[in-house]
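Residue numbers begin at 1 in each chain, while the letters A, B, ... track the order of the sequences. Everything quoted here is computed from the prediction, not taken from an experiment.
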2 protein chains.
Amino acid sequence: MTLAYPLNDARVAPPPAALTGVMDRLGVRAGHAKDTEIYAQGDDVQYLYRVVSGVVRTTRLTCDGRRQVGDFYYPGDLFGLEPGPDHRFAAEALSDCVVQSVRRTTVRTMAGDAELDRAILEATSREMARLQDHVLLLGRKSAREKVAGFLMQLAQRQPGGAVMLPMGRQDMADYLGLTIETVSRMLTQLQGDLIVEFPSSRRFQVKQWDALEDLAA
Amino acid sequence: MTLAYPLNDARVAPPPAALTGVMDRLGVRAGHAKDTEIYAQGDDVQYLYRVVSGVVRTTRLTCDGRRQVGDFYYPGDLFGLEPGPDHRFAAEALSDCVVQSVRRTTVRTMAGDAELDRAILEATSREMARLQDHVLLLGRKSAREKVAGFLMQLAQRQPGGAVMLPMGRQDMADYLGLTIETVSRMLTQLQGDLIVEFPSSRRFQVKQWDALEDLAA
DNA sequence: ATTGGCGCTTGACGGAGATCAAGGTCGCGG
DNA sequence: CCGCGACCTTGATCTCCGTCAAGCGCCAAT
């Protein structure tokens, strides 16, 4: 029995081969301008999507206007994998981006091969792992830990020197269950502790990986 | 496009037929005493489980001892449906309980029928819906709203008059990302507002369903 | 170069919820 | 019936983070 859960590679690993194959062959490309909706909260779940370029975020709005960001999707990531008949989260273009999509029914009829069913299951499972991590993050972590954990996730995706932050402070805040002010304060604090360095507000570099890992807990 | 998300029936609906069939035929029953582990965090994912009697909780521990409760499972519910090769949450008997299990590999070889694959997918999807709701709950709700929402969930499961609370205050707190004191205060507050009534600490009755729904948002 | 606007940071302050510390209640074994 | 222990509630205080309000830096349009 392990007790430490330092990193979740669900976020890094590529999607299952069977799905990328279908996407490659049948995916229809469409461009989406920054901050436009790809599908809305409440829409029927009909398509399966893949990011080609740019970044996508999923969000959910409560009736009184509070916003929760579900996740961010990068080139190569699948999204729109939702269980129910309708989308509980909306998907929006975080930046100008290109997205491929195929009808779910197409995917299903292409199947019969359990191969593809299993691939969807695997992709869904990966989505679940993200959600589980998100639950722990939101439920039991301090602001500082949340922000540190978030930066670590990003840095894992873009290994090497400088890491880009495609999203603004508000998106981070809504992902972490914080306010922009708190996010900003934690960032300057982490920078003050020489754990991370921000040459500009949308770009950073990890200075002490071990300290960041410790914090993210 | 709908904006309000009052209730999630994922929690109420029965599991897919194909799986209950396999469980009925092949499930091996085992008793578990209160507060004992059914599987541990980090264990290999090998079985699929179903609650026969009693209640099960899933929990995750951070290295520094903070605890997050994943969910509570009632008779008829499937659990142990986790994506990765190892369990990220442990499962424990909340009360003395009886649990049925089948090997995943058994389930898989029984398949080939896509029927069963789809059933697992559906069950997994339902699990995801729970997680999505949990994320919203933890990220963007006040203590009062969290507790109200929790009570509503329970009441939906056990329609009719008195609702039992199988779990203690600590388990509620760890599910909601709060402390026992805060949970307790919110309960007395909700009772003071005549929204709900506690004849004893482990049993309650909803007095104003509409007010409770409003609160849960 | 000037201006305006937007996104980010910073400060001062207040409040929701955590922490610390007693009690209270209930159920069980003696 | 009594007493012990686990669980729950309640109160006092503290602290982290949210709120409110400037101020700053950067880019784009005039």
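Atom pair B:Glu145:CD and C:dG17:C1' shows a separation of 14 Å (rounding to whole Å applied). Whole-Å rounding puts the B:Leu178 CG to D:dC8 C1' distance at 16 Å. To the nearest angstrom, C1' of C:dA16 lies 16 Å from CG of B:Leu176. The distance between atom NZ of B:Lys34 and atom C1' of C:dG27, rounded to the nearest whole Å, is 13 Å. Following rounding to the nearest Å, A:Met186 (CE) and C:dG11 (C1') show an atom-to-atom distance of 14 Å. With rounding to whole Å, A:Arg66 atom CZ is found 15 Å from D:dT19 atom C1'. In this structure, NZ of A:Lys141 is placed 18 Å from P of D:dC16, rounded to the nearest angstrom. If you measure from atom NZ of A:Lys146 to atom P of D:dC17, you get 8 Å, rounded to the nearest angstrom.
The OG1 atom of B:Thr58 lies 9.0 Å from the CD atom of B:Gln68; values are rounded to the nearest 0.5 Å. Interatomic distance, B:Phe89 CZ to B:Tyr39 OH, rounded to the nearest 0.5 Å: 9.5 Å. Here the CE-CE distance, from B:Met172 to B:Met186, works out to 13.5 Å after rounding to the nearest 0.5 Å.
The residue from B:Asp35, B:Asp174, B:Asp77 that alone fulfils the salt bridge (Lys or Arg N to Asp or Glu O under 4.0 Å) condition with B:Arg57 is B:Asp35.
The shortest distance between the side-chain N/O atoms of B:Thr182 and the OP1/OP2 oxygens of C:dA18 is below 4.0 Å.
For B:Gln158 (side chain) and B:Met164 (main-chain N/O), a donor-acceptor pair under 3.5 Å exists by modelled atom type. Put simply, the side chain of B:Ser95 gets close to the backbone of B:Val55: a donor and an acceptor are under 3.5 Å apart.
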N/O contacts under 3.5 Å, protein versus nucleotides 5-9 of chain C?
residue, atom, partner, partner atom, Å
C:dC8, OP1, A:Arg202, NE, 3.1
C:dC8, OP1, A:Arg202, NH2, 3.4
C:dC8, OP2, A:Arg169, N, 3.2
C:dT9, OP1, A:Arg169, NH2, 3.2
C:dT9, OP2, A:Arg169, NE, 2.8
C:dT9, OP2, A:Ser184, OG, 2.8
C:dT9, O5', A:Ser184, OG, 3.1

